[in-house]
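What follows is one structure encoded as structure tokens, with my remarks underneath.
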Amino acid sequence: MIFRSIKTQLVSGAAGIAFLLAAGAFLPKWLLFLCTMSAANGIVSLGIVLLMRGGVVSFGQGMVFAGGGYAAALLSNKLGVSDALLLAGAGGAAAALIALPFAPLLARYRGIFFAMLTLALSMVLYGVLVKTDALGGSDGFNMSRPSLFGMRIADAWSGYVLYAIAVLIAGGLAIAARIYFESSRGLVSLAIRENALRVEYLGASADRVMAANFILAAFLGGVGGALAIMALGHIEPNFSYWTTSGEFVFVSILAGHCSVPAVFLAAFVLELVRSFSSAYFPNTWQMALGIFLLVVIRFLPRGLGSLWERFFKRKTFHP
């Protein structure tokens, strides 16, 4: 049964990736960029969803987002590493290393204490980045365009290639996340959310599971940060600011924890609403996002993913 589920996830995931790659060839450049940023932000938000399944919410995901972005940009500018896949992996590894010393401490906390501690760490990093002139200070610095397998990406194809890289990485991580959610450790996370003390009595360590989840979420945040900086070509301390972390929490709440694809759908909805709201309501687009989120919370308290769950249960039990 487990192997059948994994096979189903792999087949459906591969089909989805192939569809998105084919559809990208017909999208305009502005929409390709929007989808690339949605994939990057969706990966970061997927880390928050991973933590939400254990009953905690990180308000400091901007820390690992910035950590991965700065690591990728420095590797490109200082060491000449330009391959997009290597930069994405390096960004994830750097973010995981940043989170590693704090994981045992944060794993002991739940609720608002976990949220505020992660927010504090993110803002500490923001303060360090602003004051560090070697990293560009408050203005940040630019990053050169990445390559792929040692080949320079032509200007005409740069948007689609970055989109394709983002789709492949996001799709692979989404499949891995779905498999992890259905694994024994992933199911233990759900049990921890309901009753951590009972999990301890049954012989599992809630703190170890939450520490591992925090590091995995950091890795996802670093990969998303690296992809975002490759698409933007510029990085600055605001990547670690609390408002950036708030946007990732917005996506996670909008998506819920019922479905992995819903996370990326929510990230795309956020980018779409923000893009058009800032164009037509430049001074009140944040209010438009807030109203949109309130409507979702009112009618879909478990997020967009609950729509798929309802449909699936209806098809399964009421053919």
Side-chain angles (χ1 to χ4, degrees), residues 9 12-13 16 37-65 68 92 95-96 99 103 106-107 110-112 114-115 118-119 122 166 169-194 196 206 209-225 227-228 244-271 293 296-297 300-310 312:
Q9 299 294 339
S12 59
M37 291 302 299
S38 299
N41 293 338
I43 293 173
V44 184
S45 301
L46 186 60
I48 299 180
V49 171
L50 172 63
L51 294 171
M52 286 172 60
R53 290 174 64 85
V56 295
V57 178
S58 172
F59 278 82
Q61 199 72 347
M63 175 183 71
V64 292
F65 183 64
L106 293 173
R110 301 290 185 271
I112 190 64
F114 183 92
T118 53
L119 177 60
S122 180
I169 294 176
L173 291 175
I175 294 172
R178 184 69 265 173
I179 294 173
Y180 179 76
F181 289 167
E182 296 180 358
S183 68
S184 58
R185 185 178 290 270
L187 295 176
V188 167
S189 298
L190 291 177
I192 292 172
R193 185 184 64 186
E194 300 299 328
V209 172
M210 295 308 298
N213 287 350
F214 182 72
I215 295 173
L216 290 174
F219 176 81
L220 293 172
V223 173
L227 288 175
T244 303
S245 298
E247 291 178 3
F248 298 136
V249 174
F250 178 99
V251 172
S252 305
I253 295 174
L254 181 60
H257 66 273
C258 301
S259 171
V260 172
V263 179
F264 296 95
L265 175 61
F268 178 74
V269 169
L270 171 64
E271 290 296 324
L293 181 60
V296 171
I297 292 175
L300 292 173
R302 298 183 64 193
L304 296 176
S306 61
L307 291 174
W308 165 253
E309 188 179 54
R310 294 176 188 174
F312 180 78

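Treat the numbers as computed from the prediction; the structure is a model and nothing was measured.
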- Task: Measure across Val44 and Gly225 and return the closest heavy-atom pair with its distance rounded to 0.1 Å.
- Result: CG2-N, 4.3 Å

- Using modelled atom types only, decide if a donor and an acceptor are shared between the side chain of Arg185 and the backbone of Glu182 within a distance under 3.5 Å. no

- Donor on one side chain, acceptor on other, Asn41 and Glu271, under 3.5 Å: yes

- What salt bridge (Lys or Arg N to Asp or Glu O under 4.0 Å) pairs are there with at least one residue in residues 45-65, not counting sequence neighbours? none

- Message: Any heavy-atom pair between the side chains of Val188 and Ile192 that's under 4.5 Å?
- Response: yes

- Output the distance between atom CG (Asn213) and atom CG (Leu106), rounded to the nearest 0.5 Å. 12.5 Å

- Kindly write out the residues that satisfy side chain to side chain contact (heavy atoms under 4.5 Å, CB included) with Ala170, not counting sequence neighbours, or none if the list is empty. Ala39, Ile43, Phe264

- Task: Look up atom CZ in Arg178 and atom CD1 in Ile175, then write down how far apart they are to the nearest 0.5 Å.
- Result: 12.0 Å

- State the CD-OG distance between Gln61 and Ser45, to the nearest 0.5 angstrom. 8.0 Å

- Query: Does Ser183 use its side chain to pair, donor to acceptor, with the backbone of Tyr180 at less than 3.5 Å?
  - Reply: yes

- Message: Can you list everything that forms a side chain to side chain contact (heavy atoms under 4.5 Å, CB included) with Ile253? Sequence neighbours excluded, please.
- Response: Val249, Leu293, Ile297

- Between Val263 and Gly42, what is the shortest heavy-atom contact and its length? CG1-O, 3.5 Å

- Item | Rounded distance (nearest 0.5 Å) linking atom CD1 of Ile112 with atom CZ of Phe59 | 6.5 Å

- Looking at residues at least two apart in the chain, or sitting in another chain, which of them share a side chain to side chain contact (heavy atoms under 4.5 Å, CB included) with Ile215? Ala96, Leu100, Ala103

- Do side-chain atoms of Ser245 reach the backbone of Gly62 as a donor and acceptor pair under 3.5 angstrom? yes

- Item | Listed partners of Phe214 passing ring-ring contact (aromatic ring centres under 6.0 Å, His included), at least two apart | none

- Item | Closest approach of Leu46 to Ala174 (non-hydrogen atoms, all atoms of both residues) | CD2-CA, 4.3 Å

- Item | Least distance between heavy atoms, Ala228 atom then Met37 atom | CB-CE, 4.0 Å

- Item | Distance (rounded to the nearest 0.5 Å) between Leu220 CG and Ile48 CD1 | 10.5 Å

- Message: Once side chain to side chain contact (heavy atoms under 4.5 Å, CB included) is applied, do any residues pair with Ala218, and if so which ones, sequence neighbours excluded?
- Response: Val64, Ala99

- Message: Please give me the minimum heavy-atom distance between Phe114 and Val57, naming the atom from each residue.
- Response: CD2-O, 3.5 Å

- Closest approach of Val56 to Gly111 (non-hydrogen atoms, all atoms of both residues): CG1-N, 4.2 Å

